[in-house]
Number of protein chains: 2
Amino acid sequence: MTSIKEVAKAANVSVSVVSKALNDYPDIKPETKERILQIAEEMNYSPNLAGRNLSSKKQMNIGLISSAVFNSSEKDTNAYQVIKGIYRGVEDNNHELSVFLIDSKKQKQKSYAQFCRERNIGGAILQGLRMDDPYFKELVDTNIPCVYIDHITDEKSENIGSISIDNYAAGIEMTDHLLERGHREIVVIGGVEETFVNAKRLEGARESFRKHGIPLPEESIIHANFDEDQAYREATELLKKRQPTAFLCFSDLMAYGIMKAVKEAGLTIPEDVSVIGFDDLPFSAITNPPLTTINQNFFDIGNEAAQLLVKVMEKKQSSQHVMVNHELVERGSVRDIHKR
Amino acid sequence: MTSIKEVAKAANVSVSVVSKALNDYPDIKPETKERILQIAEEMNYSPNLAGRNLSSKKQMNIGLISSAVFNSSEKDTNAYQVIKGIYRGVEDNNHELSVFLIDSKKQKQKSYAQFCRERNIGGAILQGLRMDDPYFKELVDTNIPCVYIDHITDEKSENIGSISIDNYAAGIEMTDHLLERGHREIVVIGGVEETFVNAKRLEGARESFRKHGIPLPEESIIHANFDEDQAYREATELLKKRQPTAFLCFSDLMAYGIMKAVKEAGLTIPEDVSVIGFDDLPFSAITNPPLTTINQNFFDIGNEAAQLLVKVMEKKQSSQHVMVNHELVERGSVRDIHKR
DNA sequence: CTGTTAGCGCGTTCAG
DNA sequence: CTGAACGCGCTAACAG
């Protein structure tokens, strides 16, 4: 437990000089700084973060507030990848990460603002929160810099940023992919309707249909809550009535449910029915057949979120929306109807 | 940013009384305590953790030091589930969690002991660390209470606990499962040889063979590093020479690699070759065919780890090894040779 | 039962 | 360039 005091004693200087040496203050003789640094190194000294937190005005703590971890399917590993990216981004910028995982099944939750206050949090990354969450509103009102993942706000605040892929463009691409391969009987399997990403993807899909001069009837759009099982059930029902040539799914998880339903209906993919997904979960490469889907780089999303937040916290950058690249990866679940 | 001082002022008492009211000290009049609590509530006060950390002797911070997150396959979500369990366990015990993710690809890493020192960490959960890691040794030497996940140490320290399923028993069960269904040409696909869990599972497999009076030749044991791709390659090579009736895999991930190799060799599962896995990853239910495997409840493992650590930190329990239940889940990848 | 005092380990004035 | 003094928010020991 070597403290700054002991280092000061060993170096024959006062604590404040040690502090300055450690924190790159300009008003210190290079030689003594060098010497102190060396002694600190030898003594295996590293500053206590609680002490530093308490005395410093600088905000070095970043909060990750996420409801995506406890409230999503075990198969849904997106949040995990995002968090890895956040962790790396925070670490690379020499900040600290405090994680707050929301579990909607738990009775009473601590307010997000309180969480931040207790931990001297200078900026927060928000993942999977509902916009009608009162705690969310409270947090925004505190004016703590925030970065939203997969959501854009209307508020024009200088300390609010956001990050996502270009869901609109991706929606167009995946729909184009189907349309250009001759599919006309397409059923769209949407996620949670009020969700930003879902809305954008749907807009994209609509635009693609419009562009191709093909109608997209409302009854061909089904919302399955980003849930595998619900998608499975919806598709099972639907297939009793009609047989589309393709399902366009706004998540891989839902695509898995669709594939199960299609197989159980005695149809084969992609010969009878095509399926396209969204996310590119690791397992989409080994489904049967492997799933054609939109790849999102979740690690990058998290990483960029952290970097953006740090910039906003340092006032080096005002609020903005950052787009991360996506990519359509073509595998074996979509048939080209033109070829036989 | 309301502080304890302001609460004290509002309540017309000194700060120490407020502190005592908040921390359930016995020497305080119930009425004033009630009053203070209410005022604190009204003022939306919650204590600053840095301040508390600095002054209190109690160690409320728990560290999670894991190399399993950055150094494993994206498909391997075990670590994720374990961490969820840890988070919940730590939260339920009103402790704080600090996470340190080791990335072996990064050049210089901070020492684990230093990480703990900087953050006043009173106990640590260790996941996926190598026993020959010098930082690991250094941390243990600090005498900070530790709980190992999936590893048992020889050291007899009062502050070291460990947790895992009964890998030996599970190894027996899965081997019995194959042997009892008439399999005799079995190839064991092991993981990382030096690993505790691998050794135990192998011991169990050997015991099962011995019990059944059947030899297990050494050349039928292949170590594939818990790696899907390596298992795939090993199996591909092996199948060119001989065709076992079953592969016994010490992880689901390796089982996936085996299944791929088997299919590519033109064989079908389970008719020609059976496969049994270990872990029960979420996707093992939807592989083709669904994988028979040993289910580990990773959430519970993490959760129990946190609870055990808290007990050890509070000296309520001396070191011990906790076993979490496992279960063989029978799906469609093992054929009973007796039946046709 | 309550208040006073003294730190915890550090960053930050402000004199020198 | 260096050091003394102060305070961050809180708990703990000790008087009263």
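So that the names make sense, note that chain A is the first sequence line, chain B the second, and so on, each numbered from 1. Please read all numbers here as calculations on a predicted model, not as lab measurements.
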Check ion pair A:K84-B:D103 (N to O, under 4.0 angstrom): no
Spacing between A:I28 atom CD1 and C:dT12 atom C1', to the nearest angstrom: 14 Å
Residues B:R119 and A:E96 bridged, charged N to O under 4.0 Å: yes
Selection from C:dC10, D:dT2, C:dT4 that lies nearest to any side-chain heavy atom of B:S14: C:dT4
Side chain A:S3 and base C:dG9 donor-acceptor under 3.5 Å: no
Spacing between A:E31 atom CD and D:dT2 atom P, to the nearest angstrom: 8 Å
Spacing of B:K5 atom NZ relative to D:dT11 atom P, expressed in whole Å: 14 Å
Atom pair distance, as rounded to whole Å: CG in B:D27 and P in D:dA12: 11 Å
Comparing B:K33 and B:N53 on DNA chain C - which has the more 5′ nearest nucleotide: B:K33
Touch class at under 4.0 angstrom, heavy-atom based, for A:S56 against every strand present: sugar-phosphate
D:dT2 phosphate, OP1 or OP2, under 4.0 Å from A:S16 side-chain N/O: no
Side-chain N or O of A:N23 closer than 4.0 Å to phosphate OP1/OP2 of C:dG11: yes
Interatomic distance, B:K20 NZ vs D:dG9 P [rounded to whole Å]: 21 Å
Length of the line joining B:K57:NZ and C:dC8:C1', which is rounded to integer Å: 7 Å
Whole-Å distance separating the NZ atom of A:K9 from the P atom of C:dC10: 14 Å
Sugar-phosphate, base or nothing in reach of B:P26, heavy atoms under 4.0 Å: nothing
Stepwise side-chain contact (heavy atoms from CB on, under 4.5 Å) test for B:E138 and B:Y112: CA-CA 8 Å; B:E138 180 198 7; B:Y112 313 152; over 6 Å; no
D:dG3 OP1/OP2 closer than 4.0 Å to side-chain N/O of A:Y25: no
Residues which pass salt bridge (Lys or Arg N to Asp or Glu O under 4.0 Å) with A:R130, listed by chain and number, not counting sequence neighbours: A:D132
Closest-nucleotide ordering on DNA chain C, the 5'-leading residue of B:S55 and A:L49: B:S55
Residue-phosphate contact under 4.0 Å: A:R52 side-chain N/O, C:dG9 OP1/OP2: no
Sugar-phosphate, base or nothing in reach of B:V13, heavy atoms under 4.0 Å: sugar-phosphate
Closest listed nucleotide, where the reference is the side chain of B:L54 and the choices are D:dG3, C:dG9, D:dC10: C:dG9
Identify all side-chain donor-acceptor contacts of residues 1-14 of chain A below 3.5 Å with residues at least two apart in sequence or on another chain.
residue	atom	partner	partner atom	Å
A:S3	OG	A:K5	N	3.2
A:E6	OE2	A:S3	N	3.3
A:S14	OG	A:S16	OG	3.1

Nucleotide D:dC8, atom C1' - distance to CG of A:N48 in whole Å: 13 Å
